[in-house]
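Everything below concerns the one structure shown next.
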Amino acid sequence: MSYCKQEGKDRIIFVTKEDHEAPSNAELVEDDPNDPYEDHGLILPSGEINWNCPCLGGMASGPCGQQFKEAFSCFHYSTEEVKGSECIEHFRGMQECMQKYPELYPQEDENESGPSGGDDTAPAEPSNTDAASVPDSSVDEVTVAGTENAATS
Amino acid sequence: VSCQLVPVHLWNVVELNDHTSFKRSHLICCVDESVKCVISVVINVDAKKFVGILLTMSPVEPALPEVPEHAPYLLIGGGTASFAAARSIRARDPGARVLIVTDEADLPYMRPPLSKELWFSDDPSVTETLRFKQWNGKERSIYFQPPSFYVSPRELQTVENGGVAVLMDRKVTHMDVRGSKVKLSDGTEISYDKCLIATGGVPRNLQVIERAGEEVKKRTTLFRKIEDFRALEKVSRELKSITIIGGGFLGSELACALGRRSADLGLEVVQMFPEKGNMGKVLPEYLSNWTTEKVKKEGVTVLTDAVVKNVSYKDGKVQIRMKDGRVVKTDHVVAAVGLEPNVELARSAGLEVDSDFGGYRVNAELQARANIWVAGDAACFYDIKLGRRRVEHHDHAVVSGRLAGENMTGADKPYWHQSMFWSDLGPDVGYEAIGIVDSNLPTVGVFTKATAKDTPRAVTELSGTGIRSESETEAVAGAVAGAVAGAAGAPAPPPQQKEDYGKGVIFYLRDKVVVGIVLWNVFNRMPIARKIIKDGEEHADLNEVAKLFNIHDD
């Protein structure tokens with residue numbers, strides 16, 4: 001049973017689990033998927049890659065950003081049966097670049113704690129993660145999307 | 001052999017075959033290490049003509065200046081907003097050359113751990129490494145990126161694929177908007193195409209301390225930067241009593257951090273402020289009181305309703321006298337009484353300063369004037385939903401920095417994604433908030449009992465990060481779930497006599513519309529809070545709105 005009290009201008013309601021069982025009748029405004037102001041996840045409504053997605057961490061902006069973008073773009077637009085199979089050279093280029101910056105792109109087995117920059121993880125599937133904002137870190141599970149086909153092996 | 005393309009005015013010309021093509025030529029200078037001479041090939045870039053060869057025997061390397069003469073993207077200030085903008089620019093403009101100019105001696109870093117996580121570290125070298133372990137054992141640095149991420153300012157103009165360079169220990173003292181260039185304190189000039197001002201601010205001080213003389217001032221910390229953290233950490237080990245003046249976020253966080261060490265260190269920690277309780281300007285009174293009790297439990301002596309009348313140094317102690325006669329004798333003072341936004345460039349640049357909120361006045365797209373944007377603590381911006389405001393939180397610096405970077409690369413988007421903020425009062429109690437969270441507004445709070453999972457520690461363990469805004473990107477922003485199937489009732493517990501604000505949601509209202517929300521020990525619900533504020537609707541029953549948060553779900 002919920003219980004209410006008023007302290008001046010501030011109202012306080014105590015509720016139990018049962019009080020909140022019935023679904024809410026509060027109405028939310030339907031979101032416009034084409035709202036130009038909204039932040040987007042990894043993939044924009046146009047189908048293009050959102051390089052500025054916080055989920056990518058610093059991958060697209062660091063010293064190997066160019067190589068990363070080329071490799072990931074190739075993969076994204078690939079229509080081969082084994083997706084990204086024609087992108088091996090790009091991934092190789094990316095990996096070569098990353099090996100020059102072990103501090104920024106540690107190899108997976110060392111990667112318990114992540115780079116000293118931070119801990120972003122990119123979603124394995126492009127999804128509309130709420131784009132809150134994290135300006136740090138360069139590595140990591142973004143390689144999931146790009147190297148699923150062992151393109152860098 | 002290494003070769004660089006050097007523009008005309010930097011040549012060390014000894015001899016030139018064809019003087020007439022001098023102006024439109026470029027010199028490719030190659031330094032042959034083995035021969036120790038400079039071999040230069042002069043080409044006329046327009047005519048694509050080879051003009052001549054220049055040989056100089058002096059073992060001179062083509063000297064690129066340390067400070068680049070021109071930066072396509074110039075970011076003034078090296079904090080969170082600036083770094084976020086740099087990243088955004090690089091993501092959107094391939095090969096962008098971004099120059100950050102900062103008066104600090106450090107690469108860009110994040111501030112929240114300076115008053116939180118760094119204090120909880122067991123590592124004695126933490127003041128050196130500035131790394132900290134989060135609750136789940138994962139370690140990270142406060143620096144956004146290690147030095148290898150950046151290119152040197154010297155090579156910024158020439159490095160393939162561009163990059164981000166940070167010029168440290170340099171202050172921009174003058175801005176010439178007409179000429180699109182700035183001047184540094186040593187007279188060097190840098191021209192730009194697009195400029196971001198992200199100069200943050202400087203901690204305010206109490207007038208009574210300013211006037212109190214050198215002996216008091218040298219025992220006072222104005223806390224903001226890495227050096228302040230290092231100095232205070234040292235003080236906490238060496239002295240016996242620290243008094244914090246200020247009851248807001250910074251003051252309360254530092255008080256809790258020091259309070260937790262107080263037993264081990266034999267340190268007395270006192271916190272004093274004019275309000276009735278901690279976070280008195282942010283939380284409604286009942287919650288502010290509850291918070292104050294929590295701070296006291298962390299080992300802090302809290303003095304509320306305390307207005308400082310004067311401060312002096314006497315008998316080896318700093319003496320703080322309050323208006324009501326109370327006196328505190330302490331070894332060291334931390335003044336956490338607000339931030340003065342840095343608008344030093346307003347005059348030379350001809351930029352408007354806001355008289356209500358302080359800071360540079362910018363529009364919804366964070367633009368001050370053509371080709372000049374402002375982000376972070378120094379930006380007084382127009383928020384389409386909530387009105388003109390200035391926000392001093394980490395996530396806002398990130399969101400606004402990112403947005404400025406987008407707009408500097410042609411996006412023209414307004415501030416729309418509401419930033420959030422958070423504060424922890426130790427590992428057991430924390431809250432996240434969004435929007436206008438001002439205790440002067442009427443509020444409606446919906447509370448229930450907390451479980452062990454409802455703690456900042458549990459959240460960090462789950463998400464792997466103590467920077468709460470980051471955990472949002474990890475969480476899937478799913479649709480709000482419907483009813484929870486539950487057994488019908490055991491009789492409801494009696495109404496709480498002793499207030500136990502275990503967990504809940506507090507709505508802040510302006511003209512019946514929710515403009516701010518505090519999530520009290522309720523985590524991973526920020527997307528729904530953001531949605532409610534974005535909608536800006538009047539809701540008849542806020543308990544119904546509170547249901548949307550599923551606060552009973554574990």
Side-chain angles (χ1 to χ4, degrees), chain A residues 1-3 7-29 31 36-39 51-52 54-56 58 60-63 65-66 69 101 103-104 112-121 123 127-138, chain B residues 80 83-84 87-88 90-92 94 138-141 143-146 148-149 161 163 284-286 395 398-399 401-402 406 413-414 416-417 442-448 464-465 469-470 472-474 476-477 482-484 486 489 492-493 495-496 527 531 535 537 539 543-545 547-548 552:
Chain A
M1 206 50 173
S2 69
Y3 150 67
E7 290 200 3
K9 61 171 176 64
D10 302 310
R11 191 147 171 261
I12 310 167
I13 305 170
F14 292 97
V15 296
T16 62
K17 195 166 176 170
E18 290 71 34
D19 292 325
H20 269 202
E21 256 178 11
S24 172
N25 63 22
E27 281 172 22
L28 296 176
V29 173
D31 278 330
Y37 291 176
E38 283 296 332
D39 278 341
W51 298 116
N52 209 8
C55 56
L56 289 178
S61 57
Q66 204 50 37
K69 283 186 193 174
Y101 301 92
E103 231 187 344
L104 300 177
E112 195 28 82
S113 57
S116 43
D119 307 303
D120 275 71
T121 23
S127 71
N128 276 322
T129 46
D130 196 311
S133 31
V134 181
D136 54 26
S137 109
S138 23
Chain B
T80 303
F83 185 82
R87 169 173 285 192
S88 194
R90 287 280 299 162
R92 289 171 50 87
K138 260 194 179 174
E139 214 188 57
R140 66 178 298 166
S141 165
Y143 292 100
F144 291 118
Q145 291 290 353
S148 51
F149 173 86
N161 291 335
E285 199 173 321
Y286 64 91
D395 191 49
V398 175
V399 168
R402 232 176 111 233
E406 287 183 293
K413 282 165 58 179
W416 187 245
H417 176 94
T443 68
V444 175
V446 180
F447 292 90
T448 188
T465 170
S469 48
E470 275 175 37
E472 276 202 83
T473 47
E474 257 117 292
V476 174
V484 175
Q496 338 281 42
K531 168 74 177 144
D535 283 356
E537 299 281 295
H539 291 278
N543 187 26
E544 291 297 318
V545 181
K547 282 184 184 177
L548 296 173
H552 294 97

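Here is the naming used below: chain letters follow the sequence lines, and residue numbers restart at 1 for every chain.
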Exercise. Is the number of heavy atoms from other residues, nucleotides or ligands within 6.0 Å of CZ (R92(B)) greater than 12?
Worked result: yes

For this session: On the 0 to 90° scale, with breaks at 30° and 60°, tag the F14(A)-Y3(A) ring pair as parallel, tilted or perpendicular.
Result: parallel

Problem set entry | Among the listed options E406(B), K531(B), H539(B), the residue most often paired with chain A at heavy-atom distances under 4.5 Å | K531(B)

Problem set entry | Contact origin within E38(A) toward chain B - heavy atom pairs under 4.5 Å | both

Exercise. Among S24(A), P36(A), A26(A), which residue forms the greatest number of heavy-atom pairs with chain B at distances under 4.5 Å?
Worked result: S24(A)

Problem set entry | Parallel, tilted or perpendicular, as decided by the 30° and 60° cut-offs, for the rings of Y286(B) and F447(B) | perpendicular

For this session: For T448(B) and T16(A), indicate whether the former's side chain and the latter's backbone hold a donor-acceptor pair under 3.5 Å.
Result: no

Exercise. For the candidates G163(B), G401(B), P442(B), which exhibits the highest count of non-hydrogen atom pairs separated by less than 4.5 Å from chain A?
Worked result: P442(B)

Seminar exercise, completed: Bottom line for N543(B): the part with an atom under 4.5 Å from chain A's heavy atoms is both

Problem set entry | Heavy-atom proximity to chain B below 4.5 Å, by part of Y101(A) | side chain

For this session: Ignoring hydrogens and angles, tell me if any N or O in the side chain of S88(B) forms a donor-acceptor pair with the backbone of R402(B) under 3.5 Å.
Result: yes

